[in-house]
Amino acid sequence: MEIPKTYDPKQAEESHYARWEREGCFAPEVNADADAPAYSIAIPPPNVTGSLHMGHALQHSIMDVLTRYHRMRGFRTLWLPGTDHAGISTQIVVERQLKKEENQTRHDVGRDEFIRRVWEWKEQYGGEITRQMRREGASVDWSRERFTMDEHLSRAVREFFVRCYEEGLIYRGPGMINWCPKDQTALSDLEVDKESQAGKLYYLQYPLKGSDRRVTVATTRPETMLGDTAVAVNPNDERYAELVGRTLILPIVGREIPVVADEFVEREFGTGAVKVTPAHDPNDYALGKRHDLAQVQVIDQHARMTREAGAEFEGLDRYEARERVVEKFEESGLLEKVVDYEFAITKCGRCRTVIEPLISTQWFLKQSELGRAPLELIRERHEPRFVPENPYEKVYTNWLENLYDWTLSRQLWWGHRIPAWYDEKGNVYVARNEEDARRAAGTDKLEQDPDVLDTWFSSALWPISTLGWPDEDSADLQTFYPTSVLVTARDIIFLWVSRMMMTGMKFRGEKAFDDVFITGTIFDKHGQRMSKMKGNGINPLDVFDKYGVDATRLVLASMGSTDTRWNDNQVESYRNFANKIWNAARFCLLNSEGAQVGKGFEGEPATWSLHDRWIVSRLNKTAREVSAAIEGYQFHEAVYALYHFFWDDFCDWYIEFSKEEVLGAVAGEQLSDAATESLSAARSRVVTILEQSLRLLHPFMPFITEELWLRLPGVGADLMHRAYRSADVSPTIMLAEYPRADAALIDEQAEAEMQAVVELVSRLRNIRNELGIKPGESINAVVIADDESLRDKFGASSGYIMRLARLESLRMTSDRNEVPRASARAVLAGGAEVAVPLEGLIDFEQERARITREREKQEKELQKVEAQLSNPQFIARAPAEKVEELRQRAADVGQRIKALGEMLEALSE
RNA sequence: GCCCGCUUAGCUCAGUGGUAGAGCACACGCUUCACACGCGUGGGGUCGUAGGUUCAAGUCCUACAGCGGGCACCA
């Protein structure tokens, strides 16, 4: 068999995914066990315009580990993929293309044609990310792929809207909203970002009517003064007490405006008097409502001044108007001062344009009502369970405690159109379809609301709508809801996570997911957030090309919920790990004649040799650790356990020990039947451990494990989990059973004995290195142990020890005097010593120094331990088991010191 | 202003009250018949600072510092 020396990830990555998908391995239907428990994950649907970034790769790696693990465990497993129509982003992408290719705007082609073009674009270019997910190895069920604008999901959206409208949770009316002057649409509070910005605070004086007195107000936005309809002060502020109820003359405009008292105003800030612009500031809007103030709109949807701002300003951009207003104040001597001031500015989350708060008639959802059930659930039962719990449970809870109305409508064309129709008189009919609306209105002359819904409105339904809701009897809904876990980034806990909980509780009476796993954030190597604008993003596809998908997945999975700076070294080390796996398998396969997976471990474990009992014990412990770690979302622990089991235990020791038995006959030599049988058995054992290891690794490294597994002797359908055995699919590791730990095979004694052997070999290697003995030179070693059973144990493994430490001979004795003076020595656990006679090679002084150093180290340790043991408080209060443990250690260290002292004596003679 | 997180080896990060860890990097030695993407050996840490609780603190508590994040306010 030809097996290259270096693993080529590309080859494996291109070999298996298409078959898995074609044969239906990802679909839950592959599971024939009627009693199988369900495990389901709804993917956070990436934007249809999007392409894969590190954040996706991170989330997908974790979801795929969970999915593949549970599938191998026999769960009826569904990971449901799909994409989001991403209203504004997609609309802009297509508008840009229209402009570039035909020099037209969406208004030139008209709404229907534009929507047709968007669909066309989606068919042609959309979903690039779904191809990239196949590259990642994501085991999603493509047969259930959904898009938020699918007919079925759109029906769910209308159902959601109509029901909430009927219950009074959704209403239409004027309100203060965030308006993006560039995108020309309303936005919810979650779609805007606050940024701090260096600006100026302008102190403006407003004359008191019928007096020389002036009231000074401070503002960062002087242009809005044209729309002022009051000045407010704190009711307890003596400075202004006598002014409350009196009238001011608004400069430039000449309007008479009242001075009102309101608790909202803080005495300490600015001058303690606030100009009130109800039409252009959310706080002023609320204040204006309380005091029944007029709303004067002086800025329009394009952020230009309106006619109401006055002829002098009409048509000016808001920033031009600002300069003009300030000039006018200066001219009239009403500008008191201007100071530098840093303040927060609200920007459109998408295009970064400064938001203009406007009063506008929009559709709103009373979130506080919908949020009640999720709030109770998290408070009383801590559901869903957040991982990590801290800080996310609290963040989520605080959010639900402070819900406000959600601005639903968007002045866009691409999206779910609001299911509301108006008759000629302007009466509104909200209905599931136009026919129902007509029936309700009693006329055909209806016009549908031109606006569409916030993209997150359909996202809020994702877990239920993708499973079939509003068809309550949908089989998928029955089987897979609630979903098992949601894996996502922290920045959409409010925007999305909380809202899915709201709809799930409302329409299904159940949480949308049992657990919520929040991933960490990946930064660049300088600790900066990766972003398109900064251009510091690392493309996961490039990393796949360079190091392979499996290696990248290991890095991502082990990051889990930790914020991490990206570091290629880490991927490189896992690339090396993949190569290690490849070569371990290569060794097994080159020596696999006569071997069979699953054989070789016949009979009672007590009859097996030490290293067999040991590796089986280690394997079972690892299986136990890895399963517990995955189920507890501690992915780094799982990866760590797998890495060290495979590399340290299996490769460094088990394979090395097995070589003697596995390499077999020299060419041409005729083996006896018994020898052939034991050779095959030994080879089977190595291959069996390898096969189990590959299964354990598969959820993390799907490609290399499948590639190697299929090459192992004796793999086939009978190794698949019983739930999949009857399925019409080719044998595949992804449907094999995930190894379960068998407590009966965990053998602490074997592990301790093996550890002693490992220590002996390590001490001998250390001596070789420290004394500069050439690798080719053989040495002799003597183990001195009073304990006979210890001598027997080393004796039983002496062949292995000799080979790994490159010894000419290994002798056991209880008599120290048998060892020549000119020996290098080391202490071992259990009161044993090892000596290497090296006549002529020993520099006595150097050797004494080496041992003295070691003794000093041990003495320091003994001091520490004895200090603790001589503390009566410790003896009295520490658990007896701890005290005993420490006594043991003191004894062991004491013994080592004694032995080291004797060695020094021997060297001094 | 309120809340939260982080601070451990040169770097990136694990660490569950009881002997401080990994990978990479570093030093030395190796074409040992799976693997130089490898093998062997070694050096490197008063766990941010100061207190406290405890027989015992990297781990729990308090304060402080630095870095990062969220929420509110910002006229």
Side-chain angles (χ1 to χ4, degrees), chain A residues 3 5-7 194 196 201-202 217-221 224 231-232 264-266 269-277 281 283-284 287 341-345 388 390-392 394-395 398-399 402 490-491 493-494 521 523 525 527 529 547 551 555 558-559 562-570 572-591 634 636-637 639-640 643-644 651-652 655-656 659 663 761-762 765-770 772-776 803-806 861 864-865 868-869 871-879 881-883 885-886 889 893:
Chain A
I3 306 169
K5 277 191 170 189
T6 305
Y7 172 54
K194 298 210 168 158
S196 129
L201 190 59
Y202 302 84
V217 295
T219 181
T220 55
R221 297 195 61 192
T224 63
V231 165
F264 164 77
V265 181
E266 284 181 37
F269 193 89
T271 62
V274 186
K275 63 187 274 308
V276 182
T277 322
D281 180 275
N283 291 309
D284 292 6
L287 195 148
Y341 183 64
E342 189 166 306
F343 64 105
I345 201 161
N390 203 340
Y392 301 115
K394 201 165 170 184
V395 165
N398 289 348
W399 177 253
N402 298 294
R490 60 170 157 257
D491 52 359
I493 291 177
F494 308 145
T521 306
F523 300 101
K525 63 180 169 189
R529 191 176 276 276
Y547 299 105
V555 172
S558 34
M559 281 181 190
T562 311
D563 290 354
T564 308
R565 297 181 184 203
W566 184 262
N567 189 333
D568 265 13
N569 287 339
Q570 185 77 7
E572 199 177 324
S573 93
Y574 286 131
R575 187 270 318 259
N576 296 350
F577 180 51
N579 195 56
K580 188 73 182 177
I581 297 170
W582 181 260
N583 275 288
R586 182 166 182 267
F587 170 81
C588 296
L589 291 169
L590 291 172
N591 298 287
Q634 303 297 309
H636 62 273
E637 280 179 18
V639 171
Y640 183 92
Y643 183 95
H644 290 286
C651 293
D652 286 353
I655 288 184
E656 292 305 328
K659 274 182 179 166
L663 289 175
V761 172
S762 299
R765 284 169 170 171
N766 172 254
I767 287 170
R768 297 190 68 107
N769 267 281
E770 299 241 327
I773 293 161
K774 297 220 164 59
R803 216 167 50 75
L804 295 187
R806 305 186 149 231
E861 171 70 10
K864 233 168 68 181
V865 174
Q868 215 174 338
L869 281 170
N871 179 353
Q873 297 286 333
F874 172 71
I875 307 295
R877 304 207 184 177
E881 159 200 322
K882 287 286 169 203
V883 176
E885 196 181 298
L886 211 63
R889 201 160 80 221
V893 174

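By convention in this document, chain letters (A, B, ...) are assigned in the order of the sequence lines, proteins followed by strands, and residues within each chain are numbered from 1.
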Any base atoms under 4.0 Å from A:N398, or only sugar-phosphate, or nothing? Heavy atoms, all strands.
nothing
Has A:N583 got a side-chain atom pairing as donor or acceptor with A:K5's backbone, closer than 3.5 angstrom?
yes
Quick one: the side chain of A:E572 and the base of B:rA25, do they pair up donor-acceptor inside 3.5 Å?
no
Could you check which nucleotide pairs with B:rA9 in any of the strands shown, counting Watson-Crick or G-U wobble with both distances under 3.5 Å?
none
Give A:D652 one of three labels, base, sugar-phosphate or nothing, depending on what nucleic acid heavy atoms sit under 4.0 Å from its own.
sugar-phosphate
Counting the atoms with a prime plus P, OP1 and OP2 as sugar-phosphate, which does A:E656 contact under 4.0 Å by heavy atoms, base, sugar-phosphate, or nothing?
base
A:P872 near the nucleic acid: base, sugar-phosphate alone, or nothing, with a heavy-atom cut-off under 4.0 Å?
nothing
Touch check for A:T6, heavy atoms < 4.0 angstrom, all strands: base, sugar-phosphate only, or nothing?
base
Compute both the distance and the angle, then confirm whether A:K882 meets the cation-pi test with A:F874: under 6.0 Å from the six-membered ring centre, within 45 degrees of the axis.
no
pair_partner(B:rC74), Watson-Crick or wobble, both distances < 3.5 Å, evaluates to none
Reckon A:V865 touches a base, only the sugar-phosphate, or nothing at all at heavy-atom distances under 4.0 Å?
nothing
Expressed in whole Å, how much space separates the C1' atoms belonging to B:rA57 and B:rU16?
14 Å
Complementary nucleotide of B:rG38, counting Watson-Crick and G-U pairs under 3.5 Å:
B:rC30
Does any donor-acceptor pair link the side chain of A:R586 with the base of B:rC35 at a separation under 3.5 Å?
no
Categorize A:Y341 for me: base, sugar-phosphate, or nothing, with a 4.0 angstrom heavy-atom threshold over every strand shown.
sugar-phosphate
